[in-house]
Amino acid sequence: MAQNISVPDIGDFDSVEIIEILVKIGDHIKKDDPVVTLESDKSSVEVPSLFAGKIIELNIKVGDKVSKGSLLAKVEIASVDTINNETIQKKSNIETDNIIEEKDDKPVVQKKIIKKVFIQPAAKEDLDPLETKEWIESLNAVIENDGPSRASYLLNKVVSEAYTAGLVLPDTRTTPYINTIPTELEVKSPGNQNIEKKIRAYIRWNAAAMVVKANKISSELGGHIGTFASAATLYDVGMNHFWRAKNKDFGGDLIYFQGHSAPGMYARAFLEGRLSEKQLNRFRQEVDSGGLSSYPHPWLMPKFWQFPTVSMGLGPIMAIYQARFLKYLINRGLLKDEDRKIWVFLGDGETDEPESLGAISLAAREKLDNLIFVVNCNLQRLDGPVRGNGKIIQELEGSFRGAGWNVLKVIWGSYWDPLLKADKTGLLMKRMNEVVDGEYQAMKAKGGAYVREKFFGKYPELKELVSSMTDNDIWKLNRGGHDPHKVYAAYHAAVQHKGSPTVVIAKTVKGYGMGKSGESINTTHQQKKLDEQDLLYYRDRFNVPLTDEQVKNIEYYKPAENSEEMKYLQERRKQLGGFIPERSSLALPIKAPPKDIFESFMKSTGDKEMSTTMALVRMLTNLLRDKNVAPRLVPIIPDEARTFGMEGFFRKIGIYAHEGQKYEPEDSEQLSSYKETKSGQVLEEGITEAGAMSSWIAAATSYTNHDLEMIPVYIFYSMFGFQRIGDFAWAAGDAQARGFLIGATAGRTTLAGEGLQHQDGHSHILASMIPNCVSYDPTFSYELAVIFREGLRRMHEKNENVFYYITAMNENYSHPEKPKGADVGILKGMYLFKEYKNKGKIKIQLMGSGTILREAIAAAKILSEEYGVDSDIWSVTSFNELRKDGMEIERRNLLNPNSKKEKSYIEKCLEKRDGPVIAVTDYVRSFSDQIRPYTDKPFYSLGTDGFGRSDTRKNLRKFFEVDKEHIVAYTLSALANEQLLGSDSAEKAFKKYNIDKKKVFPTKL
Ligand SMILES: Cc1ncc(C[n+]2csc(CCOP(=O)(O)OP(=O)(O)O)c2C)c(N)n1
Ligand SMILES: [Mg+2]
């Protein structure tokens, strides 16, 4: 039986061109195999076959224009069963309508006043509607008889009671200021608490000693003691019991450590035998190798740190997208599900950062139960209290619960348990609720007597409650985050929890154990020098077995290898599979595709016009046909797929959606319909550049975190790239990310109508600041192809730790054939595109990049034909790469004054060529000015300095003086300036092109 393959609904286009035929007569194809590629003026898309079978007829050829319904080919199919049963049929909307009309069977309360009471039954189904009714009627009666205030009071009481009994009330925003897990439900730690306490004390001591020692060398070195002091228990319980390391049998949990708690991680690694005393002595002294970096920096300690976190807010959001990416890899079948967890530590002050909480709703939406946040609420940030007049723990609880997280508050330590039990009046809980953080902080700074008076003293009943306790006993009433039992119970509950992410909100004391020198005082954060008395106090507080003399010498403490502490420590980590943190990669390289995948881009497009963005999308489509590369590509798009002509990817490879697609998309009959699927490949991030970049980083570091090399390609408006997510890009460099960032709709005058906030004339400058970012501004599709292919080779085949930033434009133009031998120059940053050498004696070196190179090419023609000025036209694919080369060679020459001078690549290109350089780009002048020092030729740059504005490309180029007319006139003037030509020519040109000499410089307009 033969079936027709026709053009499906292609959306808003009447007729589109066939640019590729991907099958031959006689080919056996599977269902969904692409048959042809269609291209409109904006995007290209493959048409898949709806049938499996043998191609028996081809009814089209390349270049044909087709529309919906046009016959493409005929297929002889094997049997009727193979006919695609997914052929999309429009379902009626009846089902949906039914759902909408379904009766709400919640108890209906008649009385008007009750409408103000928002009560939801806790269980999904009402087991006893009569009883429910009685409850509601009772409430109703109280409201009517005693008023709403009495009713609220009673409700609060009931809720508190319910909470103390361990009921989870997910619909309330906050719960009372007590631990989420009731004492009776706490799972006990199997650990030996005595030994763990000692280990913790040694780690505390060594961390503090390391910071103090560094500051004896120089107070310039800095460091923090107070943060880790407050978080030591939170880390230690994880290290001893929960965090499983990567090894040959398991992928490993991933831990994002709070940046400035790094001293604690070094101190533990020292006890574990992974870092030496010599290394600890080199904390923050990294210039001569062997030092320890101030904070987690994988670039500086590539075998130790995994995640750069110290720029606050980046860790939490990157971790959320990391957790999502892990699920993506599992759902795409690239990684097995080993129940790995992502743990993230952040400070309570850090939650001020929009990035910290900005993506928490995504984490809940994606049901990331592999994600655990631990917020260390020591109530302080750098200058003072996080919420002096409020309660950060309650505020965070509200935010996280509201977003749909499982919230576990760890506020009070075990010493409080008997008091809470004995509190029959509920006054203790009331007092806990009413005290604000500023007071809680002051209480920990001022001792037991103060707490008795200020906290318990408020109510006679509470004073009585603690009357038999000494001030010292009261002082010992600990906070949850310092109690290993409470922390263990919370972590245990967190790892068991299914269906949503968990946040453990732990209350601690900043500078815990530091006494007068820095416990809970506003200056704790900056404390890095402890005097002798402070150190002796610290030793005594934690019973560190060091003599006074050893303390005065600030010696580290490491027990004998065969001591019970050391054996315990090693055994625990052995049980958990190895050490953490540790960075490694067992990822296999991806073989770069054979050259022919990009071959078609090396030829001229003839009259056919297209943008480099379209060329890129075609390249990606081709790559999706390469069996090595295809599964590893991760296209990341922040809600702009249609802008970039990438909508064809939706249907072809699907949009990742962990729950698949629960609806029939509006455009389901179209070729590029919005297809969400559990195994989808595209990450359609929505409008979040920070989120999309975090996804990109997760994919770009997958080779180390999941031992799986991935190829992320994040495509965005270039203006909303580096300047929006610059700090993430810097962190990506630190994390040794490998992947492509594509700054689309690039160029100040090329993205014409969008105006000031959209038109990018500087993203390359920002990209150039990141040492391992390789950036290009190509003009022609063959340049893009050569660059992209080399990126694949360098990053994903040769595993070089660089990442690529490439700008792509939305201006359509035809593309010439690749000049012979241009590849090397394209990659190095410049090559000779064309020479005019048939006219006069005057010559210029004309350089351009991006779309503006085309203005330069047009200007060169005018200069040659009308003014007798010849030019060498250089396509400068990367001023940034040229500068890197120039700087390095210059430095080498300066270091070796006696040796023969080496030549930079720019010098080599220009040495035998005459005339001044005229460089012109769609970016600010400092972009091309970068290479000025590396040539002795006179150098003139034209660029788009100033704010953009909306207009046509032609008008914008005139405004910024980068159009062919300005290039001609300014070149003539430059030649006059160099006394190579009289000034008449320039003056005539200014007149001819109506160039207004009185126009104000564009930066002032
Ligand atoms: C983006 C950013 N801004 C500012 C800082 C400087 N900084 C380092 S620690 C700190 C205070 C942190 O307070 P918190 O998050 O509560 O952590 P704690 O030390 O109290 O645990 C600040 C502002 C930074 N590291 N990153
Ligand atoms: Mg804090």
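When a ligand or atom number is given, it counts from 1 through the structure's own listing order.
Counting only distances under 2.8 Å, and ignoring water, the protein N, O or S atoms around the Mg ion (ligand 2) are Asp348 OD1, Asn378 OD1, Gln380 O.
The CE atom of Met265 sits 10.0 Å away from the CD1 atom of Ile255 when rounded to the nearest 0.5 Å. Going from atom CG of Asn206 over to atom CG of Leu275 covers 11.5 Å, rounded to the nearest 0.5 Å. Rounding to the nearest 0.5 Å places CZ of Arg284 at 5.0 Å from OG of Ser294. Put simply, CD1 on Ile580 and CZ on Arg274 are 9.0 Å apart, with the number rounded to the nearest 0.5 Å. Residue Asp352 holds its CG atom at 6.5 Å from CD1 of Ile392, rounded to the nearest 0.5 Å.
Relative to atom 12 (C) of ligand 1, the option among Glu350, Lys510, Met312 with the closest non-hydrogen atom is Met312. Nearest-residue assignment for atom 19 (O) of ligand 1 (options Leu314, Leu346, Thr227; heavy-atom criterion): Thr227.
Relative to the six-membered ring of Tyr440, Lys391 misses at least one condition, a distance below 6.0 Å or an angle of at most 45° to the axis. Cation-pi geometry between Arg431 and Phe455 is met: the NZ or CZ atom falls under 6.0 Å from the ring centre, inside 45° of the normal.
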Quiz item: What's the verdict on ring-ring contact (aromatic ring centres under 6.0 Å, His included) for Tyr488 and His241, showing C-alpha distance, side-chain angles and the deciding distance?
Solution: CA-CA 8 Å; Tyr488 182 91; His241 299 287; 5.3 Å; yes

Exercise. Begin from the C-alpha positions of Trp696 and Phe728 and carry the test ring-ring contact (aromatic ring centres under 6.0 Å, His included) through to its verdict.
Key: CA-CA 10 Å; Trp696 183 84; Phe728 287 93; over 10 Å; no

Quiz item: Do Met693 and Arg724 pass the side chain to side chain contact (heavy atoms under 4.5 Å, CB included) test, and can you show the C-alpha distance, the side-chain angles, and the key distance before you say yes or no?
Solution: CA-CA 10 Å; Met693 187 62 186; Arg724 185 70 178 243; over 6 Å; no

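No more than 12 heavy atoms of other residues, nucleotides or ligands sit less than 6.0 Å from atom CD of Gln757.
Ligand-side atoms of ligand 1 in range of His260: 9 (S), 17 (O), 18 (P), 19 (O), range being under 4.0 angstrom from any heavy atom. Shown in contact with Gln258 at under 4.0 Å from a heavy atom are these atoms of ligand 1, numbered in order with element: 17 (O), 18 (P), 21 (O).
Ligand 1 has no N or O atom lying under 3.5 Å from any N or O atom of Arg381, backbone or side chain. Residue Leu382 has no nitrogen or oxygen atom sitting less than 3.5 Å from a nitrogen or oxygen atom of ligand 1, judged on distance alone.
At a heavy-atom cutoff of 4.0 Å, ligand 1 is contacted by the side chain of Asn378 but not by its backbone. At a heavy-atom cutoff of 4.0 Å, ligand 1 is contacted by the side chain of His525 but not by its backbone.
At the top of the distance list for atom 25 (N) of ligand 1, counting protein heavy atoms only, stands Val310 O, 3.0 Å. Nearest protein neighbour of atom 14 (P) of ligand 1, counting heavy atoms only, is Gly349 N, 3.5 Å.
At least one heavy atom of Glu353 sits less than 4.0 Å from an atom of ligand 1. The closest approach between Ser311 and ligand 1 falls below 4.0 Å for a heavy atom of the residue.
Between the side chains of Glu685 and Tyr714, not a single donor N or O lies within less than 3.5 Å of an accepting N or O.
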